[in-house]
Amino acid sequence: MDGLLPNRPASSTRAFVTLVTNDDYVRGARALINSLRATGTTADIVVMHTDARVEGLDARLVRCDLLPTSDAFNAAHARDALHARAAFTKGGKPPFHTPLDNFAKLRLWQLEYERVVFLDADTLVLKDIDKLFDYPEFCAAPNVYEGVGDFHRMNSGVFTARPSQATFDAMMARLDVPDAFWRRTDQTFLQEFFPDWHGLPVFYNMLQYVWFAMPELWSWDEIKVLHFQYEKPWQDHDKVEKLRPLIDLWHAYERGEIPQ
Ligand code: UDP
Ligand code: MN
């Protein structure tokens with residue numbers, strides 16, 4: 001637990017974990033927590049956080065530092081440098097998104113839990129997903145939102161993990177090597193670290209662009225986790241009208257109104 005400071009003891013061996021490094025993502029975490037509570041899960045709900053207004057969140061709060069990466073690593077993954085070298089052409093990243101912060105996700109391997117399901121702070125859990133705790137490390141869904149070519153890549157917004165300091169140390173030894181450039185940050189790193197990642201059905205991480213780009217894949221009955229990749233539902237952005245029903249749903253969860 002080096003570098004981690006919890007506000008209270010764990011009450012389960014299993015936890016849903018998210019990360020927030022600023023107040024914008026606290027909004028995301030609040031809606032996510034409301035959605036998780038509505039599933040009736042008995043696992044812990046954990047928010048790993050740096051400096052952000054997390055007081056009042058209905059979760060176990062674990063204060064953490066960003067990773068102690070080198071100046072060269074930080075410069076290569078600074079927002080402007082990363083956007084210049086590996087531009088996002090399919091969607092926009094919000095101004096409050098700092099790519100370097102993503103890597104702090106890896107600290108979940110330092111938590112004391114036996115099993116973790118990680119969820120980005122921009123997700124909503126629409127159905128009980130506790131069975132994922134019985135799945136092996138490392139399971140994730142493909143990064144599908146445009147077409148079959150997307151199946152080559154996984155998305156790191158939802159995944160299963162078994163915390164272990166040894167794994168964390170092995171990750172640190174691989175992450176910040178000379179000339180390292182992880183173009184999609186933790187996502188690229190995790191896909192390389194777990195090349196045999198187990199594929200979850202896309203419904204465990206349904207990306208919001210599927211709504212307009214691949215509507216034949218959309219199925220409310222099957223979707224377990226909805227993920228607002230790229231633009232966030234609490235932001236004003238150019239796809240708001242295209243995504244209106246999804247954004248309205250997110251706001252209902254943020255208010256604590258759980259759709260039946
Ligand atoms: N995150 C954060 N602060 C940041 C960037 C990322 O707290 O500045 C966390 C947050 O949990 C977020 C996740 O890392 O959901 C990944 O970033 P994001 O969801 O914005 O990426 P996308 O899903 O759009 O690729
Ligand atoms: Mn995300």
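Just so you know, ligand 1 is whichever comes first in the structure, and atom 1 is the first atom listed for that ligand. Worth saying up front: this structure is predicted, and the values here are computed from it rather than measured.
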- Under a heavy-atom criterion of less than 4.0 Å, does Gln187 contact ligand 1? no

- Out of curiosity, is Phe228 lining ligand 1, as in a heavy atom under 4.0 Å away? no

Do the non-hydrogen side-chain atoms of [X] and [Y] ever get within less than 4.5 Å of each other?
X      : Y      : value
Val125 : Leu119 : yes
Leu200 : Leu132 : yes
Tyr113 : Arg14  : no

Could you list the atoms of ligand 1 found under 4.0 angstrom from a heavy atom of [X]?
X      : result
Lys93  : 21 (O), 22 (P), 24 (O), 25 (O)
Phe96  : 8 (O)
Gln229 : 23 (O), 24 (O)
Thr98  : 4 (C), 5 (C), 8 (O)
Asn102 : 1 (N), 5 (C), 6 (C), 14 (O), 16 (C), 17 (O)
His227 : 23 (O)
Asn22  : 8 (O)

What protein heavy atom lies closest to [atom]? Include the residue and the distance to one decimal.
atom                    : answer
atom 20 (O) of ligand 1 : Tyr25 OH, 2.6 Å
atom 11 (O) of ligand 1 : Leu19 O, 2.6 Å
atom 13 (C) of ligand 1 : Asp120 OD1, 3.5 Å
atom 2 (C) of ligand 1  : Thr21 OG1, 3.4 Å
atom 15 (O) of ligand 1 : Ala121 N, 3.1 Å

- Classify the angle between the aromatic ring planes of Tyr209 and Phe212 as parallel (below 30°), tilted (30 to 60°) or perpendicular (above 60°).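 It falls in the tilted class, 30° to 60°.
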
- Over-ring placement of Arg115 relative to Tyr135, 6.0 Å and 45° cut-offs: no

- Note on the structure: To the nearest 0.5 Å, atom CG of Asn205 lies from atom CD of Gln229 at 8.5 Å

- Query: Hey, are Asp44 and Ser11 close enough side-chain-wise for a donor-acceptor pair under 3.5 Å?
  - Reply: yes

- Message: Looking only at side-chain N and O atoms, does Asp176 offer a donor or acceptor that is under 3.5 Å from a partner on Ser70?
- Response: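 Yes.
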
- Quick one: does ligand 1 sit under 4.0 Å from the side chain of Tyr230, the backbone, both or neither, non-hydrogen atoms only? backbone

- Can you tell which part of Asp122 has a heavy atom less than 4.0 Å from ligand 1: side chain, backbone, both or neither? both

- Message: Ring centres under 6.0 Å, that's the criterion: do Tyr230 and His237 meet it?
- Response: no

- Message: Before we go on, tell me: are the rings of Phe73 and Phe103 under 6.0 Å apart, centre to centre?
- Response: yes

- Which pair of heavy atoms, one from His152 and one from Gln191, lies closest together, and at what distance? O-NE2, 3.0 Å

- Would one find more than 12 heavy atoms of other residues, nucleotides or ligands at under 6.0 Å from atom CZ of Arg53?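 No, because the 6.0 Å sphere around CZ of Arg53 holds 12 heavy atoms or fewer from other groups.
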
- Task: Please answer: with hydrophobic residues joined when any side-chain heavy atoms are less than 4.5 Å apart, are Val158 and Phe138 in the same cluster?
- Result: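 No.
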
- Message: Closer than 2.8 Å to the Mn ion (ligand 2), what protein N/O/S atoms do you find?
- Response: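 Protein N/O/S atoms under 2.8 Å of the Mn ion (ligand 2): Asp120 OD2, Asp122 OD1, Asp122 OD2, His227 NE2.
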
- Results of side-chain contact (heavy atoms from CB on, under 4.5 Å) for Pro94 - residues two or more places apart only: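 side-chain contact (heavy atoms from CB on, under 4.5 Å) list for Pro94, sorted by chain: Tyr25, Phe96, His97, Lys232, Gln235.
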
